Protein chains: 2
Amino acid sequence: MHLATITGCYHVPTIYEVAEKAGVSLSTVSRVLNGKASVNKALKERVDQAIKELNYRPNSVARSLANSRTDSVGLLVPELNVPFYGDLMQAVESTLRAHDKHVIMTAGRNCLETEKDAVDFLISRNCDALIMYSESLTDDYLLNLNQTKLPISLVNRNVDGLPEACFTLDNEKGGYLATRHLLELGHKNIAYISGPNNKVDACLRLKGHKRALIEAGIVGNPQLIFNGDYSEEDGAIGLLELMARDLPFSALVCANDWMASGAISCARELGMSLPQDLSIVGFDDIVFAHHVFPRLTTVSNPVADIAEMSARYILNKVYGQTNIVQQCFEPSLVVRESTINF
Amino acid sequence: MHLATITGCYHVPTIYEVAEKAGVSLSTVSRVLNGKASVNKALKERVDQAIKELNYRPNSVARSLANSRTDSVGLLVPELNVPFYGDLMQAVESTLRAHDKHVIMTAGRNCLETEKDAVDFLISRNCDALIMYSESLTDDYLLNLNQTKLPISLVNRNVDGLPEACFTLDNEKGGYLATRHLLELGHKNIAYISGPNNKVDACLRLKGHKRALIEAGIVGNPQLIFNGDYSEEDGAIGLLELMARDLPFSALVCANDWMASGAISCARELGMSLPQDLSIVGFDDIVFAHHVFPRLTTVSNPVADIAEMSARYILNKVYGQTNIVQQCFEPSLVVRESTINF
DNA sequence: TGAATTTAGGAAACCGCTTTCCCAAAGACA
DNA sequence: TGTCTTTGGGAAAGCGGTTTCCTAAATTCA
């Protein structure tokens, strides 16, 4: 018989007390709780009754120790306070909690060391699996991690060797859609502010842009492309630089909404009227895309759906569920007021 | 001697193996790890060496079970994907992780049942403490929770009976600052769109507004106040309703930035030019406040500072730290371009 | 009616670490 | 030299469950 434990003025019941109260054995209570073996109906009811009366909850720590599973999943995102990743976190959390798993969220800050620290931290917490939106970790690192037998799931990243763990947006198609929209509006000279070219998604978006141009029989001019870093400032800097190159353009595609926002502010400060003087398209459809003026035409990124799918993959892989999984998601164009006929 | 445990192809070392490798006893390793008793320097080095060579990490689950502490803190916020709460989560997470605690984040959705579920969930996870930004739980519920000996910390809420656990903004002063700013610009007729009057912060902001008017010798007209619900739509609806009342006003205070944004969009659709036709002030200084056009003059809410302080309080209370704690924070006015002289 | 199958109880090992108790060895001090 | 204080070892209990093994009783089936 275990001694009663007093925590403050409240007593936390153990499984032994449930067994005693129900007048059954320990094994029986455990069988009822885990439903792994059949139990006489009357006995089961007595156990359930005792659980209710004692307000018993199995101690999750003890349970974790016994079956070496914590029912927790680590999540790595670049930032906790950026709306885009907020959608991701929200999707992952609600999907996993619906199955009684909890998620431990950490920020990677687009920094290799910080990301590694975060992963170490999550491992030290004995997470059952990791979901990562990593910007800095190398493919090799991720492959090693995977061989550790710690299941991982990657959002917005394709790593050779992890075919089923990667969940992505079709970025190339997104870039294509943005530029095709402008072409359809009659624009011929289209400038482009890209994301950093060491990021795969940025390269794919640019690739899509180029494909649309080629398809329309237009020869792309490298001088109409500015290489930005996804930041709002680089949107402004990019626009100034492009204009300084003295080539005409009536439309601008930005590889994300932040740069589009920066370009819009800059254009207004230059006295341009939008969208008459310049049509602008963004990418991601983040929350403030319809707060900028004019409301931003952009490419939607269903990051919540992608994130949910990555969580379902983990549920399948680690917790024996059998959800249907889709790896690649389609972007779509959201037309608002920042683009207009040429 | 414990048997070696094979997980996949990797072996996770235990404290016993560290002891064996270092040629010392179990107790010594534990003493080194927890630093609670002095250990011979040479021995300590041998232990550290063994830990390094084996790449040993103490199993946090076993440790939790043994000392009934999980080193985890539950966090309840209204939404995981709203920038304002993102700042809060970010502050709490980084403060706690710096001390090797992890946080489990849950969303309350401004719904009593959801908030209770979230709290139950966090309790079932054996959190050492709870930090809450609760919108729906009653004071009584919170007081009960606290008596459970589960330490709690409240952000943006004052509960009688929990004098030291509450961390808030001086909302009344914020409301006062917003309106005084407009008065100083020469406005006499100032409309106000309030937050829901069952929320204390909303009431306090309104109270501050009224105090500023009185101080300026202006008799407030109840007809110039619209009772909103903090949503963007209610900002638009509020403006329309106020204008329909056919009383002149040259300035508008909104009790948060969302409603200010709604009012701005609405005003523009009505063909008003801002800020010439109407000066608008918001509240909270959320991330997109400088993305709206004109850039929003608003009252800053240092939610990250407040959240960090609530985390420090928990560090003190539960983990024996001794940070200095401040309970109430001052708002400040951020003047941008949405307000202009009358 | 007898044999085979379920069903439940009791005991014990185990998960990996913390903590306590007691004892032996070594160093400090008078 | 003898006593007092550190320091470290060894053993064992405990945290609260899960799981396995064995046995006894109850039920089913031929």
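Chain letters run A, B, ... following the sequence lines, proteins first and then strands; every chain starts at 1. The model shown is predicted, which means the values in this text are computed figures rather than measured ones.
The list of salt bridge (charged side-chain N to carboxylate O under 4.0 Å, His left out) pairs with a residue in residues 122-133 of chain B, not counting sequence neighbours, is empty. Here side chain to side chain donor-acceptor pair (under 3.5 Å) pairs that include residues 58-67 of chain B, with residues two or more places apart or in two chains, are A:N126-B:S60.
In this structure, B:R57 atom CZ and C:dC17 atom C1' are separated by 16 Å, rounded to whole Å. A:K44 has its NZ atom 12 Å from the P atom of C:dA8, to the nearest Å. Between B:R31 atom CZ and D:dG10 atom C1' the separation is 10 Å, expressed in whole Å. For A:L26 and D:dG16, the CG to C1' distance is 10 Å, given to the nearest whole Å. Between B:D71 atom CG and C:dC17 atom C1' there is a gap of 13 Å when expressed in whole angstrom units. One atom, CG of A:N59, and another, C1' of C:dC15, lie 13 Å apart when rounded to the nearest Å. The nearest whole Å value for the distance from the CG atom in A:N126 to the C1' atom in C:dG16 is 10 Å. Between the CG atom of B:L43 and the P atom of D:dT6 there is a distance of 18 Å, given to the nearest Å.
The base of D:dG17 has none of its N or O atoms less than 3.5 Å from a complementary donor or acceptor on the side chain of A:T14.
Residues that satisfy the side-chain contact (heavy atoms from CB on, under 4.5 Å) test with B:A66, not counting sequence neighbours, are absent from this structure. In this view, A:R157 and A:D139 satisfy the salt bridge (Lys or Arg N to Asp or Glu O under 4.0 Å) rule, not counting sequence neighbours. Partners of A:D117 according to the salt bridge (Lys or Arg N to Asp or Glu O under 4.0 Å) rule, which considers only residues two or more places apart in sequence or in another chain, do not exist here.
A 4.5 Å side-chain heavy-atom check between A:Q327 and A:E164 finds at least one atom pair inside the cut-off.
For B:Y16, no side-chain nitrogen or oxygen approaches OP1 or OP2 of D:dG10 to under 4.0 Å. Taking 4.0 angstrom as the limit, B:S30 places a side-chain polar atom (N or O) nearer than this to OP1 or OP2 of C:dT18.
Using cut-offs of 30° and 60° for the angle between ring planes, the A:Y313 and A:F167 rings count as tilted.
Near-neighbour residues of DNA chain D inside residues 61-68 of chain B, defined by a heavy atom below 4.0 Å, number-ordered: B:L65, B:A66.
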